[in-house]
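Below you'll find the structure, written out as structure tokens, and then a few comments.
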2 protein chains.
Amino acid sequence: MSQDGAGIDLDTSLGYLLKEASSALRVAMEEVLRPLGMNVTHYSCLELLAQRPGLSNSDLARGAFVTRQTMNVLLQALERDGYVTRPAAAPVGKVLPTRLTPRGRRSLEKATVAVRSVEVRMLADMTDAERSAASRILRSMIRSLRADDA
Amino acid sequence: MSQDGAGIDLDTSLGYLLKEASSALRVAMEEVLRPLGMNVTHYSCLELLAQRPGLSNSDLARGAFVTRQTMNVLLQALERDGYVTRPAAAPVGKVLPTRLTPRGRRSLEKATVAVRSVEVRMLADMTDAERSAASRILRSMIRSLRADDA
DNA sequence: TGACTCATGTCAGCATTCTGACATAGCTTG
DNA sequence: CAAGCTATGTCAGAATGCTGACATGAGTCA
């Protein structure tokens, strides 16, 4: 039943393990972000803006791994609630550079502490060598998956 | 701006890399499953049933990393369309053991080929040692994230 | 046995994200 | 310069998954 060519063994498949790890990370992050009224995409957006102020809607969407339509909906809510600002008209082209407001920055600070604790917990039992290996391996997977999308 | 304690450096964060890899995998899988009229959860459900016939709704939900409510909706659709069967009444307790129909098995066969090709591509540039390391590291992350959910 | 706890299946409503579509701006190329 | 291609922002509708809630069956324990 395990490896006879008629299926993908879920107990040993790296794809399945990757999904499992990602699911565990998402659950853990949402658990600590929920009390702050945030979800993972929401947090990702603020963190991206803190590190790279002036990113466009499409940039943020790529950075948070959602579509630009999804990010647009989120940005409109964040703007309405005063966490970010965008110019009324595009300085150049159609791109609207987005920036955190002081309120957005304060909100992010609490979230960053919470998220950092999750990441620390995730890496608790790993050596430095293993962390380096993890980084290299994950980058390799990403590169290979994105190569020739045919 | 990078590691001054005021944020999580997205360029080096293993959590971010994990999410990026998982996103790339999901996109690649949905790309090959879409022509077959399936999504990832749909495929996961069929693959689980092929390897462990008689799983309950809740078992399948845990294996596919969704809630049992979500899996219940999917199972009702799969049952209606003749891909799986469940007894009308529970043989014991409330648990309804689910099984693939021949039609479900045929549908899964094509999907497995497609998914396998994605996994092969993902692992293309990795040595056997790296694959072993990846498995060990991902399991460690999962274990740590699930430990003391406080 | 009876109370308690936990797991299960299921319904309903909501949140989130996606696909499809459109107009428009910038770049490239003949 | 004009045409073509790509990227962007945005709206609308559909798909997908989640939380909350309820009834019920099984196991535990005093």
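Proteins come first, then strands; the chains are lettered A, B, ... in the order of their sequence lines, and each starts at number 1.
Under the 4.5 Å side-chain heavy-atom criterion for grouping Ile, Leu, Val, Met, Phe, Trp and Tyr, V32(A) is connected to L108(A) within one hydrophobic cluster. Both Y16(B) and I137(A) are assigned to one and the same hydrophobic cluster, defined by single-linkage of ILVMFWY side chains at heavy-atom distances under 4.5 Å.
A distance-only check finds no donor-acceptor pair linking the side chain of N72(B) to the backbone of Q69(B) [under 3.5 Å]. Checked by atom type and distance alone, the side chain of S144(A) pairs as donor or acceptor with a backbone atom of S140(A) at under 3.5 Å. A side-chain donor-acceptor contact under 3.5 Å links E119(B) to the backbone of L14(A). Although no hydrogens or angles enter the test, the distance criterion places no donor-acceptor pair under 3.5 Å between the side chain of S107(A) and the main chain of R103(A). A side-chain donor-acceptor contact under 3.5 Å links S132(B) to the backbone of D128(B). Under a 3.5 Å cut-off, the side chain of S44(B) and the backbone N or O of V40(B) do form a donor-acceptor pair. A distance-only check finds a donor-acceptor pair linking the side chain of R131(A) to the backbone of L123(A) [under 3.5 Å].
Residues from residues 69-84 of chain A that place a heavy atom under 4.0 Å from any atom of DNA chain C, listed by number: Q69(A), T70(A). Contacts between residues 19-30 of chain B and DNA chain D, defined by a heavy-atom separation below 4.0 Å, involve no residue at all.
Taken from CE in M122(B) to CG in L18(A), the straight-line distance is 5.5 Å, to the nearest 0.5 Å.
One can place CG of N39(B) at 13 Å from C1' of dT17(C), the figure rounded to the nearest angstrom. Across the protein-nucleic acid pair, L55(B) atom CG and dG9(C) atom C1' stand 15 Å apart, rounded to whole Å. Taking atom CG of residue D59(B) and atom P of nucleotide dA7(C), one finds them 13 Å apart after rounding to whole Å. Taking atom NZ of residue K94(A) and atom P of nucleotide dC27(C), one finds them 15 Å apart after rounding to whole Å.
For R34(A) and V92(B), each mapped to the nucleotide of DNA chain D holding its nearest heavy atom, the one lying further toward the 5' end belongs to R34(A). The nearest heavy atom of DNA chain C to V40(A) and to G93(A) marks one nucleotide each, and the one closer to the 5' end goes with V40(A).
Taking five base pairs at each end of the helix from dT1(C)-dA30(D) to dG30(C)-dC1(D) and finding the rotation axis that steps the C1' atoms of four pairs onto the next four gives two axes whose angle is 40°, to the nearest 10°.
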Atom pairs under 3.5 Å: protein N/O with N/O of nucleotides 1-6 of chain C:
none

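Closest approach of G104(A) and L46(A) over heavy atoms only: O-CD1, 4.2 Å. Of all heavy-atom pairs spanning M126(B) and M141(A), the tightest one is SD-CG, 4.0 Å.
At a threshold of 4.0 Å, the pair E30(B)-R26(B) counts as salt-bridged, since one of the basic side-chain nitrogens sits closer than that to a carboxylate oxygen. Salt-bridge formation is not detected for the pair E20(B)/R62(A): no Lys NZ or Arg NE/NH1/NH2 atom is positioned less than 4.0 Å from an Asp or Glu carboxylate oxygen.
Contact annotation for T67(A): base contact, defined as any heavy-atom pair under 4.0 Å involving a base atom.
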Only distances under 3.5 Å count here; give the side-chain donor-acceptor pairs of residues 81-93 of chain A to other protein atoms, sequence neighbours excluded, each with its distance to 0.1 Å.
from, atom 1, to, atom 2, distance (Å)
R86(A), NE, E79(A), OE1, 3.4
R86(A), NH2, E79(A), OE1, 3.4

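Using a 4.0 Å cutoff to heavy atoms of chain A, the contacted part of DNA chain D runs 5' to 3' from dT8(D) to dT19(D).
Just one residue in the list V115(B), N39(B), V118(B) forms a side chain to side chain contact (heavy atoms under 4.5 Å, CB included) with L33(B), and that residue is V115(B).
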